[in-house]
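See structure below.
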Amino acid sequence: MRWDRFCELCGNEALMKNIVILTGAGISAESGLETFRASDGLWANHAIEDICTPEALARNRPLVLDFYDQRRAALARVGPNPAHVALARLDREWTGELLLVTQNVDDLHERSGAKRLLHMHGELMSSLCEACGARAAFGGAMLDGAECGACGADEVRPDIVFFGEQPYEMELIYRHLRDVDLFVSIGTSGAVYPAAGFVQAARHVGARTLELNLDPSEGSCFFHESRLGPASQLVPAFVDELLAG
Ligand code: OAD
């Protein structure tokens, strides 16, 4: 693949400037974090509707808080892998527009130095107050009890976008997708919307689309190119290729 953009609609070539990259749990798998939909993944051992919905939180708050406390504790034991490091390098060196949208709630992108980053599904290292809506850095265990630093209420929950809730920053993400020249999806199964639909939004404006994943995702057929393998190998190679021009 050459990294010049060409318009799918008119065939004209233009300089490629705007990149949107979507990441999912697969990019953090080699750091030692479980993915969701692997046969031994998080949703194999817990039903989504018991953990990741507002109704689950209302029904069994300790269970939900404990699940995310465990994820936070696991996150403290791992670090970024070469795929995170390569994307941070791309963020530093790419002179055009770039937006890294992650569905991940871990902080491995920022720990590797990425700056142009959005967490559309929330963050483990953040809390959300149900009383006043304040979001704040959080590093402990919510089961031990947590109070909102802004209003003092003890209604603090994990800052995770549950199924049925609106993901963060959708307007900004779609604004970037309106002008995107290259859309890359890394380590995501393509099972969860709206993220799974970003590839079609990118195709609609004539962008090149590339998938880097261990297995073909559910939306694999929508991409111009799919490269299959571990992110720790595919992502650094892709970044080298892109920065070499
Ligand atoms: P999934 O668990 O659904 O998919 C992970 C993808 O990563 C799969 O397609 C794997 O083939 C791929 N993969 C695994 N190991 C990999 C590796 N070493 N290198 C490259 N790819 C690898 O995770 P997501 O697609 O991120 O939402 O899940 C999307 C959302 O569903 C999550 O954000 C979460 C979940 O429910 C919420 O919690 C709101």
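Whatever order the structure lists ligands and atoms in, that order sets their numbers, starting from 1. Each residue takes its place number in the sequence, starting with 1. Quick note: numbers below take in every heavy atom, side chains included, and nothing from hydrogens, waters or symmetry partners.
Ligand 1 has a nitrogen or oxygen under 3.5 angstrom from a nitrogen or oxygen of A231. Checking only distances, W43 does come within under 3.5 Å of ligand 1, N or O to N or O. Distances between N or O atoms of G187 and those of ligand 1 include at least one value under 3.5 Å.
By the criterion of a heavy-atom distance under 4.0 Å, both the backbone and the side chain of A25 are placed next to ligand 1. Of all the heavy atoms of C52, the ones lying under 4.0 Å from any atom of ligand 1 belong exclusively to the side chain. Contacts of R37 with ligand 1, taken as heavy-atom pairs under 4.0 Å, involve both backbone and side chain. Proximity of D215 to ligand 1, defined as any heavy-atom pair under 4.0 Å, is shared by backbone and side chain alike. Both the backbone and the side chain of Q103 come within 4.0 Å of ligand 1, counting heavy atoms alone. At a heavy-atom distance under 4.0 Å, only backbone atoms of V161 (N, CA, C or O) approach ligand 1.
If you look at F67 and W43, their ring centroids are closer than 6.0 Å.
A donor-acceptor contact closer than 3.5 angstrom links the side chains of D159 and Y168. Checked by atom type, the side-chain pair E211/S217 shows a donor-acceptor distance below 3.5 Å. A donor-acceptor contact closer than 3.5 angstrom links the side chains of Q103 and T188. Between the side chains of H84 and S28, a donor-acceptor pair is found at a separation under 3.5 Å.
Distances below 4.0 Å separate heavy atoms of F163 from the following atoms of ligand 1: 36 (O). Interface of V192 with ligand 1, defined as ligand atoms under 4.0 Å from a residue heavy atom, comprises 29 (C), 30 (C), 31 (O). Which parts of ligand 1 touch A29 is read off a 4.0 Å heavy-atom cut-off, strictly below it: atoms 15 (N). Close contacts of ligand 1 with G24, meaning ligand atoms under 4.0 Å from a residue heavy atom, involve 26 (O). Distances below 4.0 Å separate heavy atoms of E30 from the following atoms of ligand 1: 17 (C), 18 (N), 19 (N).
Judged by distance alone, with hydrogens and angles left aside, the side-chain atoms of D181 form a donor-acceptor pair with the main-chain N or O of K17 at under 3.5 Å. Counting only distance, with no hydrogens or angles, the side chain of R71 and the backbone of L124 share no donor-acceptor pair below 3.5 Å.
At a threshold of 4.5 Å between non-hydrogen side-chain atoms, the residues F238 and L234 do not count as touching. Counting heavy atoms from C-beta outward, H119 and E110 have side chains that approach closer than 4.5 Å.
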(message) Quick one, T102 with H121, criterion side chain to side chain donor-acceptor pair (under 3.5 Å). Give me CA distance, side-chain angles, the key distance, then yes/no.
(response) CA-CA 8 Å; T102 187; H121 287 171; over 6 Å; no

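With hydrogens left out, the protein atom closest to atom 27 (O) of ligand 1 is H121 ND1, 3.5 Å, a heavy atom.
Residue contacts with ligand 1 include G229, since one or more of its heavy atoms lies under 4.0 Å from the ligand. In this structure, P230 counts as a contact residue of ligand 1, since one of its heavy atoms falls inside 4.0 Å of the ligand. G41 does not count as a contact of ligand 1, since none of its heavy atoms falls under 4.0 Å from the ligand. Within the 4.0 Å heavy-atom cutoff, F162 does not count among the residues contacting ligand 1.
For atom 8 (C) of ligand 1, the nearest non-hydrogen atom from the set N213, L214, T35, T102 belongs to N213.
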